[in-house]
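Shown next, in structure tokens, is the structure this report addresses.
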2 protein chains.
Amino acid sequence: MYQSTLNWSLAILDKTIPDVIVGRLPRYLGTLEQMEREGINKTSSQELGERLNISAAQIRKDLSQFGEFGKQGTGYSVPFLVERLRSILKVDRMWEMVLVGAGDLGHAIARYQGFTDCGFTIAMIFDNDPAKVGVNIGGFRVEDVANLVSKVKSRTIQVAMITVPASSAQAVADCLVQAGVRAILNYAPTVLNVPSGIRVQYIDPVIHLQRMTYYLD
Amino acid sequence: MYQSTLNWSLAILDKTIPDVIVGRLPRYLGTLEQMEREGINKTSSQELGERLNISAAQIRKDLSQFGEFGKQGTGYSVPFLVERLRSILKVDRMWEMVLVGAGDLGHAIARYQGFTDCGFTIAMIFDNDPAKVGVNIGGFRVEDVANLVSKVKSRTIQVAMITVPASSAQAVADCLVQAGVRAILNYAPTVLNVPSGIRVQYIDPVIHLQRMTYYLD
DNA sequence: TAGATTGTTAATCGATTAACAATC
DNA sequence: TAGATTGTTAATCGATTAACAATC
């Protein structure tokens, strides 16, 4: 009896946020960080919405899912909202990432400086090409993918990026899951099958381009 | 009177397809092309849905916006559906693209082999760094961004990719619009302001990563 | 205080799913 | 024919917008 009451109240408190809202939070955070760099200390749902092409009502509704972050009449404190969003998105810490695939794209990502300030850092790079294993990229020695499972497991890394050809992406994903990875950013143009509970996001320029040519003539 | 009747019937025939549907079409096409490579000639909304993690009803509904492509009892012809989707998405032709930004990411994209079979080809590469102008990347001589507007205009290129730092992305976008570009794939982590009628798609790994860490702990 | 802007409710809008007659 | 699967309609579900009392 007590148990079920407890569960019920927890269920209320711990309400599930729709994925479409979660998907907008990183965009809010990015724009607010930009405002911070510009020295802006206060903002409103209106102003934020204009920067993002999102309605003010939607921004207020989204943010209100997580607490009352604003003040009537004055709006939101930019640094406070940045701090809250970082905490909500769990990027108030540093996530170590594995990068699998040391081709051109893997190189570019390994050398990209934009991850650190956003809560991410590359910890290991793997490839299956003997010619690449041992090579230094962005300060890391490329490791043999054959050792991926044990090495990733031993460092309890939860986030991975896949930049291998489509034909080997599923096999790589299987290894990553086996190694305990729970979030995968897949640059290979193929759908990955993963157990439920493992998050996958896709980056495929062709998908974006084809979505635009529909409107051209 | 006749005019308004004509406009009305055109409006009916030329119904606007929701953007969320257009966004799924490239994914359908990619999976069907994969099936074609696997030698599969016939498929069903059910089978396609399983590959994409999309409901069969949704796939049938989406496709039916554009015509009756299937047969009761037997499903869809894979090559026929591929042909139809290529035509709908206008990738039954080749789109020339401008690439602006010859850094690591620009290099990787310029050397990527995956565009050609999907209806795209890089035609020109620009950068503002004197050290990069003149260099050969993927068979192209990097051009000075100062000449972008005239050169792009003269070749009537409509599609562009931006791989410059966030701080110069808006200025580049302005030039591209001035040069007649109508679709921009922006890899810089910043929102672009463009006139209505110009399409923009964004690729930002940090957005995707932060959207996943929300679910981790 | 007067003006501005929040958080929230109710209304609207749009997208997804279920179901099934049509038919291959 | 019997089984399978479409295209489409109606029902459901969910997301966005409008509006406003509360209040800084």
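All chains are named by letter (A, B, ...) in the order of the sequence lines, taking the proteins before the strands, and each is independently numbered beginning at 1. Atoms considered below: every heavy atom in the structure, side chains included; atoms not considered: hydrogens, waters and symmetry mates.
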Query raised in the report: Mapping B:Ser64 and A:Thr74 onto DNA chain D by nearest heavy atom, which one lands closer to the 5' end?
Result: B:Ser64
Query raised in the report: Taking for each residue the nucleotide of DNA chain D bearing the nearest heavy atom, is the 5' side occupied by A:Pro18 or by B:Ser44?
Result: B:Ser44
**Report entry** side chain to side chain contact (heavy atoms under 4.5 Å, CB included) partner of A:Ile162, chosen from A:Val98, A:Ile184, A:Thr190, A:Ile203
**Finding:** A:Ile184
Report task. Validate the cation-pi geometry between A:Lys42 and A:Tyr76: distance from NZ or CZ to the six-membered ring centre under 6.0 Å, angle to the ring axis within 45°. Result -> no
Query raised in the report: How long is the line joining CG of B:Asp62 and P of C:dT16, in whole Å?
Result: 7 Å
Report task. Let me know the distance between NZ of B:Lys71 and P of D:dA4, rounded to the nearest Å. Result -> 19 Å
Query raised in the report: Would you say A:Arg60 reaches D:dT16's phosphate, i.e. side-chain N/O to OP1/OP2 under 4.0 Å?
Result: no
Report summary line: The single option from B:Val100, B:Asp127, B:Val164 that satisfies side chain to side chain contact (heavy atoms under 4.5 Å, CB included) with B:Val145 is B:Val100
Requested in this report: Would you kindly give the CG-to-P distance between A:Asp19 and C:dA15, to the nearest whole Å?
Outcome: 17 Å
Report task. Whole angstrom is fine here: how far is it from CD1 in A:Ile17 over to P in D:dT16? Result -> 13 Å
Query raised in the report: Among C:dC20, C:dT6, D:dA15, which nucleotide sits nearest the side chain of A:Val20?
Result: D:dA15
Query raised in the report: What integer distance in Å separates B:Lys42:NZ from D:dA4:P?
Result: 17 Å
Query raised in the report: Are B:Ser55 and C:dT16 close enough that a side-chain N or O sits under 4.0 Å from OP1 or OP2?
Result: no
Query raised in the report: Within the pair A:Gln72 and D:dA22, is there a side-chain N or O less than 4.0 Å away from OP1 or OP2?
Result: no
Query raised in the report: Taking atom C1' of C:dT6 as reference, at what distance in whole Å does atom OH of A:Tyr76 sit?
Result: 6 Å
Query raised in the report: Rounded to the Å, how far apart are B:Phe66 CZ and D:dG7 C1'?
Result: 15 Å
Requested in this report: Decide yes or no on salt bridge (Lys or Arg N to Asp or Glu O under 4.0 Å) for B:Lys151 and B:Glu96, but give the supporting numbers first.
Outcome: CA-CA 13 Å; B:Lys151 295 223 173 185; B:Glu96 294 196 317; over 6 Å; no
Requested in this report: From the options C:dT23, C:dT17, C:dG7, select the nucleotide whose nearest atom is closest to the side chain of A:Glu68.
Outcome: C:dG7
Query raised in the report: What is the pairing partner of D:dA21, taking Watson-Crick or G-U wobble pairs with both distances under 3.5 Å in any strand?
Result: C:dT6
Query raised in the report: How about B:Phe115 and B:Tyr112: are their ring centroids closer than 6.0 Å?
Result: yes
Query - Listed nucleotide nearest any side-chain atom of A:Lys61, set D:dT16, D:dT23, D:dT6 - result: D:dT16
Query raised in the report: For B:Ile54 and C:dA15, what is the distance between atoms CD1 and C1' respectively, to the nearest whole Å?
Result: 13 Å
